[in-house]
Amino acid sequence: MRTLALSILTVALVSGATWRAHAADPANNADEQSLRTTCAGYVTAINSGDVASVVKFWAPDADYVNDSGETFKGRAALTKLFKENLPSAKGKKFSFETKSLRTIAPGVAVEDGVGSLTGDDDDQSGPVTRYTAVWIRSGDQWLISSVRDLGDLPADEKSAAPLKQLAWMVGDWHSENSEAQVEMNCAPALDGKYLKQKYEVKAKDGPAFTVITL
């Protein structure tokens, strides 16, 4: 067990780029199974080339931001986008691999994954692309609320070790003072390309809570 000053962990909590509350309710298991089924259905719709079926998976006010920063908001804009791009993928197959799926609030989940486009030969295949998607539950249906295209993975990234210098952070950390106790676990994620940090914070005069960042 490693020990860090509480002030360092507090700075990390405040200055981290992206923090997400982690819902530990066991009932989320059913939601996750339902969402994974919906994700599979979305892949089927994409590969069918049926734009109407694809758009039904998106919330009415959903938005998509490509890796150039261009934003497409609402079903009308998304319908236009798919009509312009899906025909060029005819004969090819999309695949999406969910790397991380977590509930951050009741009826709200964040999916991190990679997508690829494959054809009959290498010339028809596209690069592997990273994405983050926010899903929301509407009634008994999961809908895509937002997607961010994070760009292509470098061809040699599978053999790279971009986090080698941060390997010392992996493990369990503990810190406490008169006001709070913090337990932190740091572990590799997404094939070792990221570090996931989970903080269990127990305040002396307040509720305990969990924070996860990737």
Test salt bridge (charged side-chain N to carboxylate O under 4.0 Å, His left out) on Asp112 and Arg130; report intermediate values, then the result. CA-CA 8 Å; Asp112 294 303; Arg130 299 168 297 152; over 6 Å; no

Linking I/L/V/M/F/W/Y whenever any side-chain heavy atoms sit under 4.5 Å apart, do [X] and [Y] land together?
X: Leu81; Y: Val54; value: yes
X: Val201; Y: Val211; value: yes
X: Val43; Y: Leu78; value: yes
X: Val170; Y: Tyr199; value: yes
X: Leu150; Y: Val114; value: no

According to the interplanar angle, ranging from 0 to 90°, do the rings of Phe96 and Tyr42 count as parallel (below 30°), tilted (30 to 60°) or perpendicular (above 60°)? tilted

Between Val110 and Thr132, does a side-chain contact (heavy atoms from CB on, under 4.5 Å) hold up when you go through it step by step? CA-CA 7 Å; Val110 174; Thr132 294; 3.9 Å; yes

Test log, rule side-chain contact (heavy atoms from CB on, under 4.5 Å), inputs Arg102 and Ser100: CA-CA 7 Å; Arg102 57 202 181 279; Ser100 172; 2.9 Å; yes

Which is it for Val65 and Val147 under the side-chain contact (heavy atoms from CB on, under 4.5 Å) test, yes or no, and what are the steps along the way? CA-CA 6 Å; Val65 180; Val147 172; over 6 Å; no

Hey, does [Y] have a side-chain heavy atom less than 4.5 Å from the side chain of [X]?
X: Thr79; Y: Val51; answer: yes
X: Leu101; Y: Glu32; answer: yes
X: Val128; Y: Asp152; answer: no

Roughly how far, to the nearest 0.5 Å, is [atom2] of [Y] from [atom1] of [X]?
X: Gln141; Y: Leu35; atom1: CD; atom2: CG; value: 11.5 Å
X: Leu143; Y: Ser138; atom1: CG; atom2: OG; value: 5.5 Å
X: Cys39; Y: Ile144; atom1: SG; atom2: CD1; value: 7.5 Å

Is a donor on one side and an acceptor on the other found under 3.5 Å between the side chain of Lys73 and the backbone of Ala62? no

Side chain of Ser68, backbone of Glu70: donor and acceptor closer than 3.5 Å? no

For the residue pair [X] and [Y], what are the closest heavy atoms and their distance?
X: Trp142; Y: Gly107; answer: CZ3-O, 3.6 Å
X: Ile46; Y: Leu86; answer: O-CD2, 4.1 Å
X: Gln197; Y: Met184; answer: NE2-CE, 3.9 Å
X: Ser145; Y: Ile136; answer: CB-CG2, 3.8 Å
X: Arg137; Y: Gly139; answer: CG-O, 3.3 Å
X: Asp63; Y: Trp58; answer: O-CZ3, 3.8 Å

Determine whether the side chains of [X] and [Y] contain a donor N or O and an acceptor N or O closer than 3.5 Å.
X: Trp135; Y: Glu111; answer: yes
X: Asn66; Y: Asp149; answer: no
X: Thr38; Y: Arg36; answer: no

Set out, in order, the CA-CA distance, both residues' side-chain angles and the distance that settles side-chain contact (heavy atoms from CB on, under 4.5 Å) for Lys198 and Thr210, then state yes or no. CA-CA 7 Å; Lys198 178 180 179 181; Thr210 300; 3.9 Å; yes

Are any of the side-chain nitrogens in Glu97 or Lys99 under 4.0 Å away from the carboxylate oxygens of its partner? yes

